[in-house]
Amino acid sequence: MLFGDPLEGIDDEAMGYRGPVACSAAGITYRQLDYWARTGLLQPSIRAARGSGSQRLYSFKDILVLKIVKKLLDAGVSLQQVRSAVSQLHDRGVDDLASITLMSDGASVYECTSTDEVIDLLQGGQGVFGIAVGRVWREIEGSLAELPIEHADEPVMIDELAERRRLRRSVS
């Protein structure tokens, strides 16, 4: 690259993105992000929320999976199938994800790692739509290139209201 890697530290497990940045890059609302984290669909892998006012920290892989989840749900895939797909994606390494194409017939999600698998699935009448994870990867890279990244060891800012609540609870 001419000017260096815009996402230097993408594989650094101590570097991540706050919730609003993750939402912006994945194209989801903060309400969706919060709901998915609370229900266990996708927990942030760098830092989970620790009470009111604390900040979750999402890895690049987390944001990639968030965008895939949104695409699957928008295509009408059931939440149960999406949970299954998320589980399979989490078992993969970050580099492995770029070579995967997810195919779905609206009821099931299939993981294809080669062109032949995609063709076989289509010939069998199974696939209705596909998500090329490598392309989603590049979209996320482009979105995150201009957004702030945060180090997990940086002090977590707790808002004033959350601090008052914490103090009130400790006194009671």
Side-chain angles (χ1 to χ4, degrees), residues 1 5-49 56-147 149 152:
M1 296 182 78
D5 187 359
L7 292 178
E8 199 173 305
I10 195 172
D11 293 329
D12 186 348
E13 292 180 11
M15 301 299 284
Y17 303 89
R18 287 186 177 192
V21 173
C23 290
S24 175
I28 61 173
T29 66
Y30 193 82
R31 183 175 286 210
Q32 286 173 304
L33 180 74
D34 184 54
Y35 178 75
W36 293 346
R38 284 186 291 111
T39 60
L41 177 63
L42 192 123
Q43 293 286 332
S45 61
I46 296 179
R47 184 174 61 215
R56 295 182 187 109
L57 211 53
Y58 291 85
S59 70
F60 176 84
K61 181 179 175 182
D62 294 338
I63 297 171
L64 178 65
V65 173
L66 284 169
K67 183 135 185 149
I68 291 168
V69 165
K70 180 181 181 352
K71 286 181 176 287
L72 290 171
L73 289 172
D74 287 351
V77 176
S78 73
L79 188 57
Q80 181 180 4
Q81 286 296 316
V82 170
R83 285 187 187 279
S84 176
V86 167
S87 170
Q88 295 298 315
L89 292 173
H90 271 294
D91 293 343
R92 298 264 202 189
V94 176
D95 295 330
D96 293 338
L97 291 175
S99 63
I100 295 173
T101 299
L102 296 175
M103 300 292 291
S104 179
D105 56 6
S108 299
V109 178
Y110 306 94
E111 178 184 306
C112 300
T113 56
S114 72
T115 308
D116 292 337
E117 288 179 337
V118 172
I119 291 169
D120 288 345
L121 196 60
L122 291 172
Q123 285 178 339
Q126 297 290 330
V128 172
F129 72 93
I131 300 171
V133 177
R135 182 171 180 179
V136 176
W137 177 298
R138 288 186 296 280
E139 288 175 21
I140 297 290
E141 276 185 326
S143 298
L144 291 176
E146 300 298 320
L147 296 172
I149 189 168

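Every heavy atom of this structure was used, including side-chain atoms; hydrogens, water molecules and symmetry mates were not. Sequence positions, counted from 1, serve as the residue numbers for this chain.
Annotation: the span from Lys67 atom NZ to Ser143 atom OG amounts to 5.5 Å, rounded to 0.5 Å. In this structure, CD1 on Ile68 lies 12.5 Å from CD1 on Ile63, to the nearest 0.5 angstrom. Between the CZ atom of Phe60 and the CD1 atom of Ile149 there is a distance of 10.5 Å, given to the nearest 0.5 Å. For the atom pair SG (Cys23) and CG (Leu66), the distance works out to 8.0 Å, reported to the nearest 0.5 Å. Separating the CZ atom in Arg138 from the CG atom in Leu64 is a distance of 11.0 Å, to the nearest 0.5 Å. The line from CG of Leu42 to OG of Ser87 is 11.5 Å long, rounded to the nearest 0.5 Å.
Under the 4.5 Å side-chain criterion, counting only non-hydrogen atoms from C-beta, Leu72 is not in contact with Gln81. When side chains are defined from C-beta on, Leu57 does not count as touching Tyr17, because their heavy atoms never get closer than 4.5 Å. For the pair Thr101/Met103, a side-chain contact is recorded, criterion being any heavy-atom separation below 4.5 Å from C-beta on. A heavy-atom distance below 4.5 Å is not found between the side chains of Gln32 and Val69. Inter-residue side-chain proximity for Leu33 and Tyr58 is flagged as met; some heavy-atom pair is nearer than 4.5 Å.
In plain terms, the two heavy atoms of Ala48 and Arg56 that are nearest each other are C-CG, 4.2 Å. A pairwise comparison of heavy atoms in Ser104 and Val77 identifies OG-CG2, 3.4 Å as the closest pair. Across all their heavy atoms, Gln43 and Gly40 have their closest contact at NE2-CA, 3.7 Å.
With sequence neighbours excluded, the residues that form a salt bridge (charged side-chain N to carboxylate O under 4.0 Å, His left out) with Asp74 are Lys70. Legend: residues meeting salt bridge (charged side-chain N to carboxylate O under 4.0 Å, His left out) with Arg31, ordered by chain and number and at least two apart, are absent. With sequence neighbours left out, the side-chain contact (heavy atoms from CB on, under 4.5 Å) criterion links Glu111 to Gln88, Arg92, Ile100, Leu102, Thr113.
The closest donor-acceptor contact from the side chain of Ser24 to the backbone of Pro20 lies at 3.5 Å or more, if one exists at all. In this structure a side-chain-to-backbone donor-acceptor pair under 3.5 Å is present from Asp62 to Ser45.
Residue Trp36 is tested with Val86, Val65, Val82, Ile28 for a side chain to side chain contact (heavy atoms under 4.5 Å, CB included); the sole match is Ile28.
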